[in-house]
2 protein chains.
Amino acid sequence: MTKTDSPDPEGLMLPVPGVDYGALDGLLGYALRRAQNALYLDFYRATAEWDVSPQRFAALVLIARNPGMRQGLLGQAMGLHRSGALRLTDWLTAQGWAERRDAPDDARAWGLYLTAAGKRRLAKLEAAVAEHDRALLAALGEQGAALKAGLERLAWVATAQNTAPDNKPRRQKP
Amino acid sequence: MTKTDSPDPEGLMLPVPGVDYGALDGLLGYALRRAQNALYLDFYRATAEWDVSPQRFAALVLIARNPGMRQGLLGQAMGLHRSGALRLTDWLTAQGWAERRDAPDDARAWGLYLTAAGKRRLAKLEAAVAEHDRALLAALGEQGAALKAGLERLAWVATAQNTAPDNKPRRQKP
DNA sequence: TATTGTTATACTCTATAACTATA
DNA sequence: TATAGTTATAGAGTATAACAATA
């Protein structure tokens with residue numbers, strides 16, 4: 001008789017001893033992917049109690065700081081397609097954390113607002129996330145601030161290459 | 001009559017003027033996400049001609065550098081579940097770029113190898129990716145090397161927090 | 001009993017396309 | 001004709017669970 005499979009989450013993109021990573025080890029992009037993978041898992045650990053993904057956390061913050069914002073603007077700020085912003089908003093309203101109200105100046109649009117429950121949830125999440133980030137920066141020491149500045153510059157540089165006038169036609173994401 | 005929707009890829013996680021990002025702007029994790037988003041789109045632009053995702057590119061490199069490697073080891077190296085490694089391998093073999101051969105020492109396992117076509121495709125991809133990375137590093141100047149080192153340290157630090165003996169139980173990825 | 005790989009299934013994320021109502 | 005949001009659908013990506021063959 002075979003044992004029932006144990007849960008097998010993995011997800012840790014650790015370098016495996018004995019595996020040759022070839023060109024990957026030299027790539028800035030691969031280092032970035034490894035770091036993002038590790039931070040993603042760490043974010044989940046830090047917020048395990050509240051079960052909210054980084055994306056949904058970001059949406060809560062944006063709606064809280066920009067009450068009445070349009071669904072489409074939320075999508076634009078988060079790099080999402082309209083349909084993605086719709087599903088994200090659906091989820092937040094289903095949790096009872098956000099609500100759609102008619103926009104006064106445009107009958108086609110909604111204004112998004114956090115509910116009282118949403119504000120309470122966000123307050124807990126923000127505390128956990130801030131503590132998590134603080135612990136990371138502390139572990140990195142003085143390298144931390146430089147790293148954050150470097151990442152911001154990298155985002156800018158990569159975007160500039162992507163939107164340069166003379167580059168090849170852009171392909172859709174898969 | 002309504003116009004047919006034009007394609008609407010978006011995906012650019014640019015800061016939107018007039019939107020207040022609140023706590024997000026201060027978080028290392030959010031800076032990392034923005035950078036990864038920008039680099040991801042830039043990778044696609046640089047490799048548009050060959051239509052291979054970063055993940056599939058990494059799999060090609062790993063199989064090329066570790067001929068005969070097990071499917072499970074590929075998954076482990078890439079942070080994938082067994083079933084994910086299976087689907088990735090299925091896709092690579094369907095393209096005619098990789099093949100499964102019986103492992104000599106274990107009748108349950110496969111050894112993975114690139115085909116001649118797979119090696120040719122990888123050579124083109126590696127050239128494009130290396131050039132892409134070189135351009136990025138050049139744009140970053142002396143900050144580039146420090147950034148890469150910082151990312152590697154960040155991955156290590158976040159993993160250490162995640163696997164520390166006294167932390168809370170880990171939740172599954174969503 | 002544990003491991004390798006498979007099959008089947010499901011959920012999330014994100015896209016495309018076509019549609020409605022409004023501007 | 002363009003925009004805000006919706007619906008329906010599809011494809012990655014990744015997970016769970018149960019299974020067979022082998023170790």
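Throughout, protein chains are lettered first and strands after them, A, B, ... in sequence-line order, and every chain is numbered starting at 1. Reckoned from all heavy atoms, side chains included, excluding hydrogens, waters and symmetry mates.
Protein atom NE2 of B:His81 is 9 Å distant from nucleotide atom P of D:dA17, rounded to whole Å. Protein atom CG of A:Leu80 is 7 Å distant from nucleotide atom P of C:dA15, rounded to whole Å. Spacing between atom CE of A:Met78 and atom C1' of C:dA15 amounts to 16 Å, rounded to whole angstrom units. B:Gln76 has its CD atom 11 Å from the P atom of C:dG5, to the nearest Å. The distance from atom CG of A:Leu112 to atom C1' of D:dA4 is 12 Å, rounded to the nearest whole Å. Protein atom CG of B:Asp51 is 10 Å distant from nucleotide atom P of D:dA12, rounded to whole Å. In this structure, B:Leu86 places its CG atom 7 Å from P of C:dT7, rounding to the nearest Å. Rounded to whole Å, the distance from OH on B:Tyr40 to C1' on C:dC13 is 11 Å.
Across C:dT14, C:dT4, D:dG5, the shortest atom-to-atom separation from the side chain of B:Arg82 is found for C:dT4.
At a non-hydrogen distance threshold of 4.0 Å, B:Arg100, B:Arg108, B:Ala109, B:Trp110 from residues 92-110 of chain B come into contact with DNA chain C.
Qualifying side chain to side chain donor-acceptor pair (under 3.5 Å) partners for B:Glu131, counting only residues two or more places apart in sequence or in other chains: B:Arg134. B:Trp110 pairs by the ring-ring contact (aromatic ring centres under 6.0 Å, His included) definition with nothing, not counting sequence neighbours.
Regarding contacts with the backbone of D:dG13, a side-chain N or O of B:Arg56 is found under 4.0 angstrom from either OP1 or OP2. Considering only side-chain N and O atoms, B:Gln71 lies under 4.0 angstrom from the phosphate OP1 or OP2 of C:dT6. OP1 or OP2 of D:dG13 has at least one side-chain nitrogen or oxygen of B:Ser53 nearer than 4.0 Å.
A donor-acceptor contact under 3.5 Å is not formed by the side chain of A:Ser83 with the base of D:dT7.
Summarising the geometry, atom OH belonging to B:Tyr40 is positioned 14.0 Å from atom CE belonging to B:Met13; distances are rounded to the nearest 0.5 Å.
Pairs engaging residues 142-158 of chain A under the side chain to side chain donor-acceptor pair (under 3.5 Å) rule: A:Gln143-B:Arg153, A:Lys148-A:Glu152, A:Arg153-B:Gln143 [sequence neighbours left out].
A salt bridge is absent between B:Asp102 and B:Arg108: the closest approach of a Lys/Arg side-chain nitrogen to an acidic carboxylate oxygen does not fall below 4.0 angstrom.
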Please tabulate, one pair per line, all N/O donor-acceptor pairs under 3.5 Å involving side-chain atoms of residues 23-36 of chain B, not counting sequence neighbours.
{"unit_1": "B:Asp25", "atom_1": "OD1", "unit_2": "B:Arg34", "atom_2": "NH1", "d": "3.4"}

Output side-chain donor-acceptor pairs under 3.5 Å for residues 59-68 of chain B, partner residues at least two apart or in another chain, one line each.
{"unit_1": "B:Arg65", "atom_1": "NE", "unit_2": "A:Asp20", "atom_2": "OD2", "d": "3.1"}
{"unit_1": "B:Arg65", "atom_1": "NH2", "unit_2": "A:Asp20", "atom_2": "OD2", "d": "3.1"}
{"unit_1": "B:Asn66", "atom_1": "OD1", "unit_2": "A:Asp20", "atom_2": "N", "d": "2.8"}
{"unit_1": "B:Asn66", "atom_1": "ND2", "unit_2": "A:Asp20", "atom_2": "O", "d": "2.8"}
{"unit_1": "B:Asn66", "atom_1": "ND2", "unit_2": "B:Leu62", "atom_2": "O", "d": "2.9"}

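Using a 4.0 Å heavy-atom cutoff across all strands shown, B:Arg70 reaches sugar-phosphate atoms only and no base atom.
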